[in-house]
Amino acid sequence: KTENTYVNICFDAPRFDDPDYFDLYMLSEVLNLEASSPLYQALTQGTDPLATQVSAYLETQKEFSSLNISIITNSPEKADSILNTTVDVLQELTQKPLEQKLLQNVIISSKTHRYYQEERLHFYGMMVAPVIVTSGWNFWETFIDNLENVTPETLQPVVKKYFAEPKYIATVVKPAI
């Protein structure tokens, strides 16, 4: 028997060759930092948290990108509050810049992940090849350098552009009655 309710929210995001791409990628990674994420904190705090799990990622295709936020809750009645809280947190980020420390955590994590994975046999075939097919070798080669160029000052206008008046598609999948 399924007891969880799944809330998925999809926001339009810049294509991989758009100058805003790396800023929004950085935001997606910050939103995915669990305890350090402002979204995670808002949805999981208190004695009766809205959510039990929160994840975010930037999906990158050749023609488009999307910021996807997936949230699991133990109560279907919380779905509307989860959606409203998620939008509120993103809109609050248009007024309050993220700290450089959070951005640095993402860069360190990305570098460490790459260095660690490069030693694995499947790394290029399973992880790098799809990125190269979608975005090209130069995108892959300069990825970390481009992330290092993201600062709170470059990120803030991008957050405002995409989330001052966010447009999104949301789905709620809840247990059958």
Side-chain angles (χ1 to χ4, degrees), residues 6-45 49-73 81-114 117 127 130-131 134-136 138-171:
Y6 299 84
V7 179
N8 297 295
I9 310 164
C10 178
F11 298 88
D12 189 34
R15 223 173 80 113
F16 70 89
D17 55 358
D18 187 297
D20 294 341
Y21 178 87
F22 287 97
D23 291 285
L24 208 55
Y25 180 88
M26 180 68 79
L27 176 64
S28 74
E29 292 296 303
V30 168
L31 292 175
N32 201 44
L33 285 176
E34 292 193 1
S36 299
S37 163
L39 181 59
Y40 183 89
Q41 291 171 1
L43 292 171
T44 62
Q45 66 187 0
L50 292 173
T52 56
Q53 292 181 23
V54 179
S55 64
Y57 66 95
L58 192 62
E59 180 178 355
T60 305
Q61 300 294 328
K62 195 170 225 32
E63 296 81 21
F64 68 92
S65 296
S66 60
L67 172 63
N68 298 295
I69 299 174
S70 299
I71 302 159
I72 300 175
T73 183
S81 294
I82 287 171
L83 185 57
N84 292 334
T85 300
T86 300
V87 170
D88 289 347
V89 166
L90 293 170
Q91 288 182 315
E92 287 170 14
L93 290 175
T94 67
Q95 303 301 316
K96 182 182 176 194
L98 292 170
E99 296 176 16
Q100 180 63 39
K101 180 181 177 184
L102 286 175
L103 306 185
Q104 196 60 39
N105 288 346
V106 169
I107 293 167
I108 291 167
S109 175
S110 296
K111 284 181 175 181
T112 304
H113 178 74
R114 182 178 284 194
Q117 292 296 327
M127 298 176 81
V131 174
T134 300
S135 315
N138 188 53
F139 177 86
W140 174 255
E141 276 290 295
T142 60
F143 189 86
I144 299 293
D145 294 336
N146 285 319
L147 277 186
E148 289 178 322
N149 291 331
V150 175
T151 66
E153 294 77 27
T154 65
L155 181 57
Q156 198 60 29
V158 174
V159 171
K160 285 181 181 179
K161 178 178 177 180
Y162 285 89
F163 301 112
E165 295 179 29
K167 295 171 183 60
Y168 57 88
I169 297 172
T171 60

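Computed from heavy atoms alone, side chains included, the values below leave out hydrogens, waters and symmetry copies.
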Would you give me the side-chain donor-acceptor pairs under 3.5 Å for residues 91-108, sequence neighbours excluded?
| from | atom 1 | to | atom 2 | distance (Å) |
| --- | --- | --- | --- | --- |
| Q91 | NE2 | A164 | O | 3.0 |
| T94 | OG1 | Q91 | O | 2.5 |

Side chains of residues 20-30: which donor-acceptor pairs under 3.5 Å do they make with residues two or more places apart or in other chains?
| from | atom 1 | to | atom 2 | distance (Å) |
| --- | --- | --- | --- | --- |
| D20 | OD2 | K161 | NZ | 2.8 |
| Y21 | OH | T60 | OG1 | 2.6 |
| D23 | OD1 | T154 | OG1 | 2.8 |
| D23 | OD1 | L155 | N | 3.4 |
| S28 | OG | Y25 | O | 2.7 |

Side-chain atoms of residues 7-17: list all donor-acceptor pairs with protein atoms under 3.5 Å, sequence neighbours left out, distances to 0.1 Å.
| from | atom 1 | to | atom 2 | distance (Å) |
| --- | --- | --- | --- | --- |
| N8 | OD1 | S70 | OG | 3.0 |
| R15 | NE | D17 | OD1 | 2.9 |
| R15 | NH1 | K62 | O | 2.5 |
| R15 | NH2 | D17 | OD1 | 3.4 |
| R15 | NH2 | D17 | OD2 | 2.5 |

Chi angles and distances behind the side-chain contact (heavy atoms from CB on, under 4.5 Å) call for I69, Y168
CA-CA 11 Å; I69 299 174; Y168 57 88; over 6 Å; no
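Between L90 and P166 the shortest side-chain heavy-atom distance does not fall below 4.5 Å.
Under the rule for a ring-ring contact (aromatic ring centres under 6.0 Å, His included), Y40 has no partner lying at least two apart in sequence or in another chain. In this structure T52 satisfies the side-chain contact (heavy atoms from CB on, under 4.5 Å) test together with I72, N74, sequence neighbours excluded. Remark: S135 engages no residue in a side-chain hydrogen bond (donor to acceptor under 3.5 Å, both in side chains) (not counting sequence neighbours). Annotation: side-chain contact (heavy atoms from CB on, under 4.5 Å) contacts of Q61 (sequence neighbours excluded): E59, F64. With sequence neighbours excluded, no residue satisfies salt bridge (Lys or Arg N to Asp or Glu O under 4.0 Å) with E34. Every residue two or more places apart in sequence or in another chain that forms a side-chain hydrogen bond (donor to acceptor under 3.5 Å, both in side chains) with K111 is listed here: E148. In this structure, the side-chain hydrogen bond (donor to acceptor under 3.5 Å, both in side chains) partners of T142, at least two apart in sequence or on a different chain, are N146.
Counting only distance, with no hydrogens or angles, the side chain of S37 and the backbone of L39 share a donor-acceptor pair below 3.5 Å. Without hydrogens or angle criteria, Q53 side chain to T73 main chain gives no donor-acceptor distance under 3.5 Å.
Classified by interplanar angle (parallel below 30°, tilted 30° to 60°, perpendicular above 60°), the ring pair F143/W140 is parallel.
Residue E141 places its CD atom among more than 12 non-hydrogen atoms of other residues, nucleotides or ligands, all under 6.0 Å distant.
We find the CD1-OG1 distance between I71 and T86 to be 3.5 Å, quoted to the nearest 0.5 Å.
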